[in-house]
Structure formats: C-alpha cells, structure tokens
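A quick note: this is a predicted structure, and the numbers were derived from the prediction, not measured. Numbers here simply count residues along the sequence, with the first being 1. Both counts, for ligands and for their atoms, begin at 1 and track the order of listing. Side-chain atoms are counted along with the backbone in the values below, which use heavy atoms only and exclude waters and symmetry mates.
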Amino acid sequence: MNSISRRKFLKITGFSVGAAAAATALSPMIKGAKKINKEKVKGIQTIPTYCDICFWKCGAIAYLKDGELWKVEGHPKDPLSKGRLCPRGTGGVGAVKDPDRLRSPLIRTRERGDEVWKEVTWEEALDYIADKMKIIKSRYGPESLASFSHGIGGNFIKHTLKAYGAINFAAPSFAQCRGPRDVGFELTFGESIGSPERTDIENSKCLVLIGSHLGENMHNSQAQEFAKAVGNNASIIVVDPRFSVAASKAKYYLPIKPGTDLALLLAWMNVIVSEKLYDIDYVTSYGFGFEQFAAEISNFTPEWAYPETGIDPELIRLTAREMTMYKPATLVHPGRHTTWYGDDAQRSRAIALLNALLGSWGRKGGFFYPVSFSLPGYPYPPYPVPTKEKLDNPGKKYPFASEELTTGIREATISGSPYPIKGWFVYATNLMQALPNEEETIRAIQNLDLMVVVDVIPSEIAGYADVVLPESVYLERYDDLHMSSFKEPFVGIRQPVIESPSDQKPNWWIAKKLAEKLGLGNYYPWNHIEDYLNHRLNAGGLSLSQLKKEGIILGQKRPIYFEEGIQPEFFTASGKIEFYSIQLQQAGFDAVPKYTRPQQPPGGYYRLLFGRSPVHSFSRTQSNRILMDMMDENEVWVNQDVAKKWGLKNSQIVRLKNQDGIVSNKIKVKVTERIRTDCVYMIHGFGHKSKMLKGAFGRGASDSGLITKYAVDPLMGGTGMNVNFVTFETGV
Ligand SMILES: Nc1nc2c(c(=O)[nH]1)N[C@H]1C(S)=C(S)[C@@H](COP(=O)(O)OP(=O)(O)OC[C@H]3O[C@@H](n4cnc5c(=O)[nH]c(N)nc54)[C@H](O)[C@@H]3O)O[C@H]1N2
Ligand SMILES: Nc1nc2c(c(=O)[nH]1)N[C@H]1C(S)=C(S)[C@@H](COP(=O)(O)OP(=O)(O)OC[C@H]3O[C@@H](n4cnc5c(=O)[nH]c(N)nc54)[C@H](O)[C@@H]3O)O[C@H]1N2
Ligand code: SF4
Ligand SMILES: [Mo]
C-alpha cells in the first residue's frame, strides 16, 4: 500500500469487513488451475497481467505458488491501480474456479431460451457458424449480421466480422451507460469524458457527486482518489435520493427528489451567475453565448427549484457558494451511468456548464487532458467497402448520437427496417440484463437465422444462442494491448497465467479460426497473437518479451492541465465553450437546458432505483464463489416509514411488481432511514434466470426484469431506465 493505508481504502468502500475477509479468503490456492508450463515450478512465481472483472483494466500481478494460481494483486507501476486492486479484482481468481463455467462449445437442440444443448467440438461449432454466415451474406448481404460486444476482448472478433463485411456494431456502454454524459460534454467543451474518466478527483478541493456513488461504484482509481480527497479534507457535496457511502463522507448531503437534478443544477447556476461568483476571466476568454445563457437561467431561482427538488433554497445557495470558494479546483463529477430519465444529455450538459462557470475544465482538481501511449495498428488488408449504411440510427433520428445504439439495432431486428438483420454475434455482454425491456430483446432474437454468444459462464443471453462458444477467462489468455488515456501514457499487457481447465479458447483464437473458415485467412497474416503483439510493440521500439516481464511500460509524462502548458482549444462549432448551443437550437432542441418535471409514481408505488455493489460487477460475478461469499443476493432498500405503512420487517421476503404487472423473484427487504420515501433501491445484476448458472440462479431479484419502460433521450438515443415504479407483493 502506498499513500493510503489498506484500512482506509477499504473504509471508503463501505465494505471494510467483507473486503478484508476476501483478502484472507484468497490464501487457499485455487486448486485445479494449472500453470502455463506443465511441470510445476516450486515456490512463488509472479506474472503481470491486467484485470478483467470490470472494464477499468487495472494492472495486476498474478502469483503462482508451486505452480498453482494463488492470488492477484495490483501492479505497483500501473497508473490505474497503483498497486491495489478493488475487492472484485482481488476476488477475480474466483472466476477461474467457478464451477458453473462453460466448458465446451454448445449447439442448441430445442427452442431458443430452453437451454437444452449438445456439446460439440470447436470444428463443428465454427463450421456451423461459418455456414450460416455465408448464407446470410448471400441472401441479405454481410451488413445483416450485427454484433454486440463490451470490452477490449471483442477487438479480434470485430476484426473478423469487419473482414466479412459487417458494419453494425454496438456496446451497452453508450446508450445504456455513459452516452448522455459524453454527448452533453461534447456539445459544451467539444470533447467527451472518456473511460477512465478525465476527472482529477485526488486534487479536488471541492467534489460534487450527483448520483455517482463512488465507494460502491468501485472503479479503482476513482475510489482511491476519492479516499485521498476525503483524507485531504476536500469539501464533499453529495446529491442522491439515497444516503450512499459517498454521502456518509460528505459535508453537505442533498436528498433530492429523484429525477429533478436538472432543476437543482439550474438553480445552482442561477446563484453563481446572479451573485457573480463564477470564474469571470475564464468565462470571458473561452465562453460563447454567455449573455443569452445568463438571461435564460435568470428565472430559475432556488425558490423555484425548491418544490421540484425538495432541497431547501438556503441549502442550494450555501452549496453553490461553497463550490465557488474552491474554484477552479471544484469538480462537479460528470457521472458515468447517466441513462436515467430521458433528459440525460441535457442534464449532463448542465453539469458541463456548471463546471464551465467554475473554470474547472483543463484545470488541476477539475478535468485534466488525458494522454496515452500510441502504437500503430497492425497493417491488415482493407475491409470490404459497405454498400449499405449502419442501421441503428436511421435518418439520424437522434442527431447527437456519437456512437452506435444497441437498442437501435434491436429495433431494426424486430422491424426488418431499413433492412433485415438476420444474425447476432454477441461477445461478453449479457444483453438480457443490460438492455431495458427483456421482452423486446427476445422478440428481436426470434427473428434471427443465427445467434452466437461468446461467454465464460452460461449467462441469460447465452441461453438464447444457437451456438455458445466458451472463452478462456482473462487469467488464461492474451488480449490486445492496453493503452488507455489517463494521467500518464502507458502500455500494459494481458497474458496467460495458467491454462484453461477444459476446452475453452481465447477470443483471438476463435476470431482467427472463424476467419479461416470464412475464407478470410488473409486478414490474419500472423500465426499466434504473440506475433501480432510483438509486431505492434516493435513498431514503437518495444518488445513483447520486455512487456511480458514488466507488465507495464510507462511513456514520457506530458502536461495535462492548462497550468502546465496545455493550449485551451475547444472542438465545438464556435471553437469556444458553448454556454448557448446554436447546434442544438438548429436541431430543434433547447440551446440552454430546460427542466421538465418527471412523472411521479402512482399511489402505493415507488420509483425503482438501482446501483452497484462494491463486490460485484453488473451481472457477471454473481456465480464467482469468492465474491458470493461476501454477497450472494441483493435486498430492496425501503424507507422505514414506507415499511411501517406496509407492515414490512427487516429481512422479510417480498416480490416487487412494476407498473406493467411484471413480478420479480423473491427479495429481502432492507428497512432503512437511508432512502427517501418515494423510491426503493436495489443492486443490479442479481436474480439470474439461467438455470445452468447454478450458483446464482434465483438468488435475489433482477432490476432489469422490472425495467419494462424506458425514456429515450431525443438528442442521442440513450435509454433512461429510472422511470419504472414498483409496489410490494407481501403474500409470498
Ligand atoms: N437494469 C440495468 N441495466 C443496466 C445497468 C443497470 O445498472 N441496471 N447498467 C448499465 C451499464 S452502466 C452498463 S456499462 C451495462 C453493462 O452491461 P454488460 O457489459 O452486458 O454487463 P454484464 O451484465 O456483466 O454482462 C457481461 C457478460 O460478459 C460475460 N463475460 C465476463 N467475462 C468474460 C470474458 O472474459 N469473455 C467473454 N466472452 N465473456 C465474458 C459475462 O459472463 C456476462 O454474461 O449494463 C447497463 N444496463
Ligand atoms: N463495484 C462496481 N463498481 C462499478 C461497476 C460495477 O458493476 N461494480 N460498474 C461500473 C460502471 S460501467 C458504471 S457505469 C458505474 C455506475 O455507477 P455511477 O455512475 O456512480 O452511478 P449510477 O449507477 O448512475 O447511479 C447510482 C446512484 O445514483 C443514485 N440515484 C438514482 N436516481 C437518482 C436521481 O434521480 N438523482 C440523483 N442525484 N441520484 C440518483 C442512486 O441512489 C445510486 O446511489 O459503476 C462502475 N463501477
Ligand atoms: S476496478 Fe476492480 S474489477 Fe475493475 S479492473 Fe480494477 S481491480 Fe479489476
Ligand atoms: Mo457502465
């Protein structure tokens, strides 16, 4: 542990006991996990790699003891992990030994969704897929095969599909996650936030968290930097209908009425502008349309916002002034999972504008300018020229969508318009849990001639596949080079630490073999991924053997703030920070964000909110036995007054029923003062329906199942999912 003690770090997670227990629970060796060369080396071996339990990609060091996988720790040289993994990364070794893992390729023998399979060889599985892909290409054209993937592991699969002629690719990280935020910031500063986020939390003197539940949201660097900021006595302001772990560290906690954040943001800006507390030099030098903006927000006083948000006008004034006291080292965190209410890109734009008033963009303690290592791509032959356009956003219905829309591809698959989609190739994304309205996803799948899923466990989406391909987990494989943009440039490697226990294969092998079967072998001029990696590294004067040994190679540090010499440059239409957006106005949207009151729950119903557990990732870790030991089901948080009204006791088992009559699995009630009376809250990712996922099946309830309704963001097509209401069924 460097700058902060492990104890303090765990404390920030709000999971001190459990996470500490995880660290000790790891000591027993993971039996059956073979080491990479067959004869067992006595003693301790260390092999650097990077974590894949979530998409943060922390640099890690895997330890083998007498040839058996023992534990994984953070890589001290890695700018993201700084030598420490989060509880999920530490428990990542449990993914290797998950008894529910997929072991061999499977072909469906009954209806889609029945989960009845025959085991086949890789030859049979890939021949089956290649034959169907050839038929789709000849009947409909290669554009009619769409692909969904999430994470770096999808790179080679995408390469094969692009070589085949596919053009429709999407990930849930845009329309179900950070899309609105990135669009809101692009429209304002001309650049997006990116992942890992360009937020300089550790140097913030005042940190404003709007929903961002850092400490439960365990993105490692952010959680560590948050611990640092707390340690430095930064002033923390948390806005959340639920008293989160972050709220427990806050100087000011604002228990906002869900869905009204835009009203609060407008009122904060109203105070800052009317009291002339903004960074006048910054706004004058870099701002565009400030006068019009100031005029538009002049009516949105704290008194106006009070009945909307439930936040006392004096508290709004106090917190607005607090932010300006520390400017420009005040960071209003842009959030990440921002698909909430359908007005999300405009809410994110309001967050961007508030930061602009505080002068935090490009400044220390605000938003830094990320830097990255750069290596040329592998020189492949060009991909075929498409004859059709992408179909996820026909006619630019969502004019500001800057990435592809998963839900757009789903819609086109259902309607067959603008052209039919006949195949889905799904890599590492559990669409049944990630997309809202599961029934629509099933309807789309029923229109397909081919549905392939590459996964490590039998997820819900795998249950709907024609062919399931079992992948080696991250500790058993190579992946592409890791060169995220962050505070300093670096290149990291993922390399096999142990062998796969059964017939699982890495994505690069699957992608290359499939390409060969499709007659596209010329797109893989290399024999083994090591040749590919070495080729790319050599182009930058590095070598694979060096990177395999060191795990991380750092590049030259470069300036990341205006103060350090970064030239302020804004890639917006006006070349300035757009307080007033002519682009939005011309497209028929509000040039300055406006607030619309969200629909309220009917009597006896509560808004369904959801978030993260510090010890799980989405719907992917619930069968990991080490992480299960810390949390094996979710609970529904219910305010104590609401519980009283319904006669609910702590740990009582209920079902939740939503506005459309959908009823959840059984779930335990957590009676608490820590949430408002108009909403309930649960951790996402539980309530698995896949029978083959024995460890997680039926444990807890699924928020995804209850999200039948969603509000589409008119600017960029994101799916706001906080618009569902639930009531209790107690007679269970
Ligand atoms: N209801 C609801 N929906 C949500 C969210 C929510 O909170 N609630 N969150 C949204 C957000 S923010 C995001 S980013 C998305 C996330 O959406 P996804 O990225 O789809 O997340 P998961 O549900 O974990 O699905 C990941 C899948 O990849 C598989 N997998 C894990 N490791 C590997 C591997 O090494 N190789 C392969 N081939 N497969 C692997 C897992 O078993 C799992 O089936 O979901 C979004 N949707
Ligand atoms: N441990 C762990 N960490 C993760 C992940 C994981 O799976 N596991 N996933 C990662 C990913 S991809 C993402 S996108 C992030 C998601 O994490 P974040 O972006 O931090 O948070 P959200 O999921 O948007 O929001 C959840 C919080 O918002 C609050 N909230 C709900 N409605 C409202 C509202 O109307 N107003 C306000 N102000 N607050 C509201 C909830 O009470 C909750 O505290 O987490 C990342 N970190
Ligand atoms: S944040 Fe945690 S789970 Fe995600 S990559 Fe880092 S250590 Fe792994
Ligand atoms: Mo996300």
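Contact check on D52 versus R477 returns a salt bridge, with a Lys/Arg side-chain nitrogen under 4.0 Å from an Asp/Glu carboxylate oxygen. A salt bridge is absent between R103 and D503: the closest approach of a Lys/Arg side-chain nitrogen to an acidic carboxylate oxygen does not fall below 4.0 angstrom.
For S704, a nitrogen or oxygen atom sits less than 3.5 Å from a nitrogen or oxygen atom of ligand 1, counting backbone and side chain alike. Between S173 and ligand 1, a contact under 3.5 Å exists for no N or O pair. Residue contacts with ligand 1: M721 is placed with no nitrogen or oxygen under 3.5 Å of a nitrogen or oxygen of the ligand (distance criterion only).
The V454 neighbourhood of ligand 1 comprises atoms 37 (C), 38 (N), 39 (N), with distances under 4.0 Å to a heavy atom of that residue.
More than 12 heavy-atom neighbours from other residues, nucleotides or ligands sit within 6.0 angstrom of NZ on K77.
Nearest non-hydrogen protein atom to atom 10 (C) of ligand 1 is Q176 O, 3.4 Å. The protein heavy-atom contact nearest to atom 47 (N) of ligand 1 is A434 O, 2.8 Å. In terms of protein heavy atoms, atom 13 (C) of ligand 1 is closest to F618 CE2, 3.7 Å. Among protein heavy atoms, atom 44 (O) of ligand 1 sits closest to D455 OD2, 2.7 Å. In terms of protein heavy atoms, atom 6 (Fe) of ligand 3 is closest to C58 SG, 2.3 Å. Nearest non-hydrogen protein atom to atom 34 (C) of ligand 1 is V456 CG1, 3.5 Å. Looking at atom 8 (Fe) of ligand 3, its nearest protein heavy atom turns out to be C51 SG, 2.4 Å. Scanning all protein heavy atoms for the shortest distance to atom 23 (O) of ligand 1 gives S619 OG, 2.5 Å.
Among the atoms of C86, an N, O or S atom falls under 2.8 Å of atom 2 (Fe) of ligand 3. For a distance bound of 2.8 Å, the N, O or S atoms of C54 include one lying that close to atom 4 (Fe) of ligand 3.
Checked by atom type and distance alone, the side chain of D240 never pairs as donor or acceptor with a backbone atom of S244 at under 3.5 Å.
The option with the heavy atom closest to atom 12 (S) of ligand 1, from among R336, R178, R612, is R612. Comparing L693, I707, I510, D703 against atom 8 (N) of ligand 1, the shortest heavy-atom distance belongs to D703. Among H684, E438, M432, R477, the residue whose heavy atom lies nearest to atom 35 (O) of ligand 1 is R477.
K505 forms a cation-pi arrangement with W509, by the criterion of a distance under 6.0 Å to the ring centre and an angle within 45° of the ring axis. A cation-pi arrangement is present between K162 and F169, with the terminal nitrogen or guanidinium carbon under 6.0 Å from the aromatic centre and inside a 45° cone about the axis.
The closest side-chain donor-acceptor pair between N624 and T621, if any, does not fall under 3.5 angstrom. For the residue pair S617 and R88, a side-chain donor N or O sits within less than 3.5 Å of a side-chain acceptor on the partner. For the residue pair E197 and Q222, a side-chain donor N or O sits within less than 3.5 Å of a side-chain acceptor on the partner. A donor-acceptor contact under 3.5 angstrom links the side chains of E115 and S690, judged on distance only.
Distances shorter than 4.0 angstrom occur between a heavy atom of F610 and an atom of ligand 1. Not a single heavy atom of V473 lies less than 4.0 angstrom from ligand 1. Assignment of G153 to the shell around ligand 1 is not supported, since no heavy atom sits closer than 4.0 Å. Under a 4.0 Å heavy-atom criterion, E460 is not in contact with ligand 1.
Note: F618 and H150 have tilted aromatic rings, judged against thresholds of 30 and 60 degrees for the angle between ring planes.
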task: Kindly indicate, with the supporting measurements, whether the criterion ring pair (Phe, Tyr, Trp, His ring centres under 6.0 Å) is fulfilled by Y50 and H75.
output: CA-CA 8 Å; Y50 62 86; H75 192 309; over 10 Å; no
